[in-house]
Amino acid sequence: MQVITGQEEDSGYTISTPAGTSRGLSAADWVAEVRRLEEAEAPRWVLPSVDELYPKLIDAGVRLARCHDLGLAEGLLLAYEGREGESRSLRAAWARARGEEAPDDGPAFGEAAQPTLFSPRGPGLPEGVTVADAARRVLAEQEKRVAAVAAPGRMRLLLAAESASALAAAEMSAAGLPWRADLHRALLETRLGPRVPSGQRPKALVALAARITDAFGGRPVNPDSSPSVIRALAREGIEVPAARKYLLRDIDHPAVPPLLEYKELSRLHSANGWAWLDEWVTDGRFRPHYVVGGVVSGRWATRGGGALQIPKVLRTCVRADPGWKLVVADAAQLEPRVLTALSGDRRLAEVSAATDLYARLGEALFSGGRYVPPPSGSSDDRSRAKIAMLSAMYGGTSGEAGPLLALLRQRFPDAVSYVEQAAAAGERGERVRSRLGRTSPAPSAAWRALTGGLADDEATETRARRASRGWGRFTRNFVVQASAADLTAVLLATLRGRLPAPAHLVFFQHDEVIVHTPAELAAEVSALIESTVTESAQLLFGDACPVHFPMQAIPVDTYADAK
DNA sequence: TCCCTCTGCGCC
DNA sequence: AAATGGCGCAGAGGGA
C-alpha cells in the first residue's frame with residue numbers, strides 16, 4: 001500500500017490512503033496515525049521531503065521502513081532530463097505535471113542548498129489544491145518519466161535507494177555520533193592551553209606567534225595572514241608564491257617550524273575548538289545535519305559542524321558507550337573498483353581480487369621492469385600504481401602522471417578508455433551519467449560562449465582549451481564518483497533495514513559507515529556489512545560482475561583504532 | 001558595519 | 001611546460 005503524507009501550509013498535516021484523506025491534523029494526531037499505519041501495514045510512504053518531515057516522527061519514536069521522497073526524485077529526474085535548473089518545489093513539480101509553466105521558486109541544482117529543497121512551504125500550492133493531491137499528481141508523473149529513461153529499472157533502484165538514504169540520514173542525525181566531550185576538552189587544553197574567550201588566541205598560539213616574530217628579527221608577523229607571512233619571508237630573501245604548508249615545509253628558516261605548528265594548532269582551535277564543542281556536541285553525541293545528494297555527483301554534504309572532515313587527531317574522542325562497540329567499515333579503494341565494474345575491464349577485475357588493489361596493480365604494471373621512474377619520482381610500485389589510477393580518474397597529468405597513465409592505458413585499455421570517453425564528452429559540453437542514472441549538469445553559458453566560438457586570438461584560444469579540459473576532468477571524475485555514490489546509497493538503504501536492533505548507523509562519509517552496536521552483536525554486524533556491500537554491488541552491476549568490493553568492518557572502542 | 005572573495009586546510 | 005576530482009569552514013582583507 002501507498003500512503004501520502006505531508007504538511008499543508010497553515011492547516012496542519014495530511015495523510016492520504018486509498019481509503020480516504022485526513023486533513024488538518026495536529027502534529028500529535030498526525031504522528032499517532034503515521035505510527036498506526038506503519039505498524040499495521042508498513043506502507044510505502046510518499047513524502048514531499050524526508051528531510052523536513054521525518055525528524056518530527058523520529059522525535060516521537062516513529063520509524064518508517066520504506067518511502068519515496070518526491071523532492072529527491074524530482075531532482076534526480078530533472079538532472080537526467082537535462083532540466084536541472086528548474087525548481088524542485090512541490091508546487092513547481094505539480095505545475096509541470098499539469099503541463100503548466102512552473103514558477104521559479106526554488107534553488108537551482110548546484111546552487112547553495114537550502115535546508116529544504118522540496119518544502120511545501122514557501123510559495124505554496126494554489127487555493128484548493130492539497131498537498132496530497134499535488135503529491136499524487138507529481139508521483140504519477142514521476143513514474144511516467146522513470147519509464148521513459150533508457151534504463152528504468154536502474155532509475156527505480158536509484159530513487160528507492162536515495163529515498164531510503166534520506167531516512168538513514170535523518171536517523172543518523174537523531175542518534176548522533178558518540179563523542180566524548182571530556183576527552184576533547186582535555187586534548188584542547190593539552191595542546192592549546194586553558195580555554196580563552198572566543199576571538200582570543202589561546203596561550204600556545206600566543207607563544208608560537210611570538211617565536212615566529214622573533215625568528216623574523218622581531219618585526220611583527222601575523223601568522224594568520226598569508227600576505228604577512230609571504231612579506232616576512234621575502235624580507236629574508238625567500239620567495240614563495242603562497243603561504244601553504246607544503247610550500248613552507250622544505251624551507252630552511254628558523255621561522256618555519258613554529259609557523260607550521262601554529263597552522264596546525266590554529267586549525268584545531270578554529271575548526272574544532274571549544275566553540276565547535278559548544279555548538280555541535282550535546283549529551284555525548286555529535287549531531288551533524290546531512291544533506292543527501294547535496295553534491296552534484298550524488299555525494300552527501302553536511303550543513304554545519306564539518307562532519308565530513310573529522311580530523312584524525314580527534315577520532316579518539318569518538319567512543320562507543322560502555323558495553324557497546326563502534327563497527328567502522330570502510331570500502332577499500334572504492335572508486336577504482338567502481339571504474340573496473342563500470343568499464344567491464346576483465347584484466348582489472350582480476351587485479352580487484354586483491355584487498356590491496358594498488359599493491360596488486362603495482363605488480364601488474366611494473367613486474368616487467370621496463371618502467372624507469374624519473375629521479376624525482378614516486379618511491380615504490382604501489383604509490384606509482386596509485387598515481388596512475390588517480391590520474392585516470394581525476395585527469396591529472398602533472399609530474400609522473402603522464403607516463404604512468406600511458407602505461408595503465410596500455411595494460412588496461414578498457415578501464416582507461418571508459419574515463420577518457422567521459423572526459424571527451426565533457427569537453428564537447430555533453431552530459432554523462434552514473435550507473436544508475438545520476439546525470440552531470442550542463443556547463444554554464446559562459447563556458448559555452450568561451451568554448452563554442454572560433455577564437456580570434458591565441459589567449460582566448462588557450463582559455464577556451466583550458467575551460468574545455470577542465471570540464472572534461474569534471475565529467476571524467478563524475479562517472480566514477482557518482483556511480484560510487486549509487487553504490488553507497490544502495491548499501492545504506494539495505495543496511496538500515498537489516499541491522500539487528502538496537503544496533504544503528506551513526507555515521508556515513510563517502511565510502512565509510514559506522515554502526516554503534518552492543519558488543520555482543522558486533523561480530524554479526526561486521527559480517528552483515530561485509531556481505532551487504534557485495535550484494536549492493538551485484539544489484540548495481542549484475543550478478544556476474546567479477547569485481548571484488550571488500551569492505552572490512554572492524555569493531556573498535558574508538559574510531560581512532562579503526563585504521 | 002556588512003558582504004563578498006580569497007586563501008588555506010581538513011576530509012574522501 | 002603544465003594543467004588532478006569533490007566538498008565545508010574559518011579568518012583575513014577589501015570594497016561598499
Side-chain angles (χ1 to χ4, degrees), chain A residues 110 112-113 198-199 201 205 222-230 240-249 259-260 262-273 275-276 279-280 288-291 293-315 330-336 338-339 386-402 404-405 419 422-423 426 432 438 440-441 462-463 465-485 488 507-513 559 563:
Chain A
S198 72
R201 272 184 189 154
L205 290 182
N222 177 7
D224 285 323
S225 161
S226 48
S228 171
V229 171
I230 292 167
V240 283
R244 290 177 165 261
K245 196 163 69 175
Y246 72 97
L247 293 168
L248 300 183
R249 204 155 35 202
L259 205 43
L260 292 177
Y262 183 94
K263 278 174 181 287
E264 188 190 336
L265 291 183
S266 162
R267 167 94 198 162
L268 175 66
H269 177 232
S270 67
N272 297 99
W276 183 91
E279 189 172 355
W280 294 104
H289 184 112
Y290 296 97
V291 185
V295 178
V296 281
S297 63
R299 277 185 170 185
W300 292 16
T302 55
R303 209 175 49 240
L308 301 186
Q309 337 148 221
I310 298 172
K312 296 227 156 89
V313 294
L314 288 182
R315 294 187 179 185
D330 177 305
Q333 299 118 17
L334 180 62
E335 293 193 347
V338 164
L339 172 57
K386 189 171 174 179
I387 291 171
M389 184 55 83
L390 293 180
S391 307
M393 293 188 303
Y394 293 163
T397 52
S398 65
E400 240 186 317
L404 286 172
L405 181 52
V419 277
V432 294
R438 294 185 201 270
S440 67
T462 306
R463 279 173 55 224
R465 190 85 197 123
R466 192 168 294 164
S468 171
R469 286 291 175 85
W471 199 254
R473 279 193 298 279
F474 169 60
T475 53
R476 169 195 290 265
N477 185 247
F478 183 95
V479 292
V480 178
Q481 194 180 107
S483 299
T488 54
F507 188 65
F508 168 66
Q509 161 175 252
H510 309 316
D511 60 357
E512 183 180 9
V513 297
Y559 191 16
K563 271 183 197 166

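Chain naming here is simple, since letters A, B, ... match the order of the sequence lines and numbering starts at 1 in each.
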message: If you assign each of A:Q481 and A:T397 to its closest nucleotide in DNA chain C, which residue comes earlier from the 5' end?
response: A:T397

5'-most by nearest nucleotide on DNA chain C - A:R466 or A:G470: A:R466

- request: Scan A:A242 against the nucleic acid and name what it touches under 4.0 Å (heavy atoms): base, sugar-phosphate only, or nothing.
  value: sugar-phosphate

- request: May I have the distance from A:R469 (atom CZ) to C:dA1 (atom P), rounded to whole angstrom?
  value: 15 Å

task: Mind checking A:L334 for me? I need base, sugar-phosphate or nothing, with any heavy atom below 4.0 Å counting as a touch.
output: nothing

- prompt: Just how far, in rounded Å, is P of B:dC11 from CD of A:Q509?
  reply: 9 Å

- prompt: Between A:E335 and A:R299, does at least one N-O distance fall below 4.0 Å, as a salt bridge requires?
  reply: yes

statement: note: A:L314, atom CG; B:dC9, atom C1'; distance rounded to Å ~ 14 Å

task: Go through C:dG5, B:dC11, B:dC9 for me and flag the one nearest to the A:K312 side chain.
output: B:dC11

query: Any side-chain heavy atom of A:L268 sitting closer than 4.5 Å to one from A:L314?
result: yes

statement: When rounded to whole Å, the CD to C1' distance for the pair A:E264 and B:dC9 reads 11 Å

query: Within less than 4.0 Å of OP1 or OP2 of C:dG5, is there a side-chain N or O belonging to A:R473?
result: yes

task: Mind calculating the distance between CD (A:E400) and C1' (C:dA3) to the nearest angstrom?
output: 17 Å

message: Using side-chain heavy atoms (C-beta onward) and a distance below 4.5 Å, is A:D224 in contact with A:R201?
response: yes

query: Got A:Y262 and A:L205 here, is their nearest side-chain heavy-atom distance under 4.5 Å?
result: yes

- prompt: Do A:R244 and B:dC9 share a donor-acceptor pair, side chain to base, under 3.5 Å?
  reply: no

Interatomic distance, A:R267 atom CZ to A:E264 atom CD [nearest 0.5 angstrom]: 11.0 Å

message: Distance check needed: B:dC11 C1' versus A:L268 CG, whole Å only.
response: 15 Å

message: Does A:R315 reach a base, just sugar-phosphate, or nothing at all? Heavy atoms under 4.0 Å.
response: sugar-phosphate

- request: Would you mind reading off the distance between A:L339 atom CG and C:dG5 atom P, rounded to a whole angstrom?
  value: 17 Å

- prompt: Is A:I310 close to A:F507 at the side-chain level, that is, under 4.5 Å between some pair of heavy atoms?
  reply: yes

- request: Can you measure from OG (A:S391) to CZ (A:R476) and round to the nearest 0.5 angstrom?
  value: 9.0 Å

message: It should be established whether A:K245 places a side-chain nitrogen or oxygen under 4.0 Å from OP1 or OP2 of nucleotide B:dG10.
response: yes

message: What does the B/S/- profile of nucleotides 7-16 of chain C look like, 5' to 3', with a 4.0 Å heavy-atom cutoff to protein?
response: SBSSSSS---

task: Starting from P on B:dC11, measure out to CD on A:E512 and report it in whole angstrom.
output: 12 Å

